[in-house]
Visitor: 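Here's a structure for you.
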Amino acid sequence: MSPTASERDDEVDLLIDAWSRRLPDVDLTPLDVMSRLRRAANRLARLRADAFKSAGLAAWEFDVLAALRREEPPHELNPAQLIEATMIGSAAMTNRLDNLSRRGFVDRRPNPRDGRSVLVRLTPEGASYVDDAMRQLAEREGNELRGLTREEQATLVRLLRRLVQDPD
């Protein structure tokens, strides 16, 4: 009986085999997982970029618009909250908000609770673009996972959740 596609040696197996010949005293088993996760992350980044591009957005635009869209109506946050939600710096956020404002995806207005700051609000056009991008992303990611059963996906979720948890 011949091996299935998932049982055949893949690029990671070949990489580990080559390194084990060069460094026979090193335990390379962590590469079985981590190298595959790296490849999956790279593939996911390309998939996401393509989904966002087909919806007319860059990945960074999606990140900011999605942070606003997840908020309850009127879908607004102050820049500090957006920085926290997207994990980027203040200067980068200012630049991003300028670009999104020019495209008509966000409006900025004075914060009535703090005259020194502004609130950034998602516009209907911005909501339409980010919703389209999320629909395309969900469809494409679903297609990528169609080779796994729901049970296998649930197992993978549990394992990945454990892997990315803080050790504290």
Visitor: Of all the heavy-atom pairs spanning Thr123 and Gly104, show the shortest one and how long it is.
Guide: OG1-O, 2.6 Å
Visitor: Looking at Glu151, is its backbone amide N or carbonyl O close enough to the side chain of Thr155 to form a donor-acceptor pair, meaning the two atoms are under 3.5 Å apart?
Guide: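 Side chain of Thr155 to backbone of Glu151: a pair is present.
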Visitor: Donor-acceptor pair, Thr86 side chain versus Asp63 backbone, under 3.5 Å?
Guide: no
Visitor: Does CZ belonging to Arg39 count more than 12 external heavy atoms closer than 6.0 Å?
Guide: yes
Visitor: Around atom CZ of Arg150, are there more than 12 heavy atoms from other residues, nucleotides or ligands closer than 6.0 Å?
Guide: no
Visitor: Classify the ring geometry between Phe62 and Phe52 as parallel (under 30°), tilted (30 to 60°) or perpendicular (over 60°).
Guide: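 The rings of Phe62 and Phe52 lie parallel, inter-plane angle below 30°.
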Visitor: Hey, is the main chain of Arg96 close enough, under 3.5 Å, to the side chain of Asn99 for a donor-acceptor pair?
Guide: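 It does not hold such a pair.
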Visitor: Which atom pair, heavy atoms only, marks the closest approach of Pro112 to Arg109?
Guide: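 Residues Pro112 and Arg109, closest heavy atoms: CD-NH1, 3.7 Å.
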Visitor: Let's go through Asp9 and Asp17 carefully: what are the C-alpha distance in whole Å and the side-chain angles of both, what is the deciding distance for side-chain contact (heavy atoms from CB on, under 4.5 Å) to 0.1 Å, and is it a yes or a no?
Guide: CA-CA 10 Å; Asp9 282 353; Asp17 289 348; 4.1 Å; yes
Visitor: Identify the heavy atoms of Pro79 and Val118 that sit nearest to each other, and give their distance.
Guide: CD-O, 3.3 Å
Visitor: I'd like to know if the side chain of Glu71 and the backbone of Leu68 have a donor-acceptor N/O pair within less than 3.5 Å.
Guide: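 Checking the backbone N and O of Leu68 against the side chain of Glu71, no donor-acceptor pair under 3.5 Å is found.
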Visitor: If I take atom CG from residue Leu77 and atom NE2 from residue His75, how far apart are they, to the nearest 0.5 angstrom?
Guide: 11.0 Å
Visitor: With clusters defined by side-chain heavy atoms of hydrophobic residues (ILVMFWY) lying less than 4.5 Å apart, directly or transitively, does Met87 cluster with Leu82?
Guide: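 Different clusters: Leu82 never reaches Met87 through Ile, Leu, Val, Met, Phe, Trp or Tyr contacts under 4.5 Å.
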Visitor: When clusters are formed by joining ILVMFWY residues with side-chain heavy atoms under 4.5 Å apart, either directly or through shared neighbours, do Leu31 and Leu163 land in the same one?
Guide: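 Cluster IDs for Leu31 and Leu163 differ.
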Visitor: Run the numbers on Asn111 and Leu119 for side-chain contact (heavy atoms from CB on, under 4.5 Å), then give the verdict.
Guide: CA-CA 5 Å; Asn111 186 338; Leu119 290 173; 3.8 Å; yes
Visitor: How close do Ala133 and Leu57 get, counting heavy atoms only, and between which atoms?
Guide: CB-CD1, 4.0 Å
Visitor: At what distance, to the nearest 0.5 angstrom, does CG of Asn42 lie from CG of Leu37?
Guide: 11.0 Å
Visitor: If we only count heavy atoms from C-beta on, is the Val64 to Phe105 side-chain gap below 4.5 Å?
Guide: no
Visitor: To check you understand the geometry: which heavy-atom pair defines the closest contact between Ser90 and Ile83, and what is its length?
Guide: CA-CD1, 3.6 Å
Visitor: Side chains of Arg43 and Leu47, heavy atoms from C-beta outward: is any pair under 4.5 Å?
Guide: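 Not touching, per the 4.5 Å side-chain cut-off.
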Visitor: With hydrophobic residues grouped by side-chain heavy-atom distances under 4.5 Å, do Val33 and Leu14 end up in a single group?
Guide: no
Visitor: Please report the shortest heavy-atom distance between Arg140 and Ser54, naming the atom on each side.
Guide: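 For Arg140 and Ser54, the tightest heavy-atom pair comes out as NH2-OG, 3.2 Å.
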Visitor: Closer than 3.5 angstrom, by distance alone: can the side chain of Arg103 be matched with the main-chain N or O of Leu100 as a donor-acceptor pair?
Guide: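 It does not hold such a pair.
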Visitor: Within the structure provided, determine whether Leu65 and Val106 are in side-chain contact (heavy-atom separation under 4.5 Å).
Guide: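 Result yes, sub-4.5 Å side-chain heavy-atom pair found.
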Visitor: Apply side-chain contact (heavy atoms from CB on, under 4.5 Å) to Leu15 and Glu11, showing your working.
Guide: CA-CA 6 Å; Leu15 177 145; Glu11 188 178 340; 5.7 Å; no
Visitor: Hey, is Asp32 close enough to Arg36 for a salt bridge, meaning N to O under 4.0 Å?
Guide: yes
Visitor: Step by step, work out the side-chain contact (heavy atoms from CB on, under 4.5 Å) result for Met134 and Arg69.
Guide: CA-CA 11 Å; Met134 180 51 81; Arg69 185 67 167 132; over 6 Å; no
Visitor: Find out whether Leu156 and Leu160 are in side-chain contact, i.e. whether some heavy atom of one side chain is under 4.5 Å from a heavy atom of the other.
Guide: yes
Visitor: Is it the case that over 12 heavy atoms from other parts of the model lie below 6.0 angstrom from the CD atom of Glu152?
Guide: yes
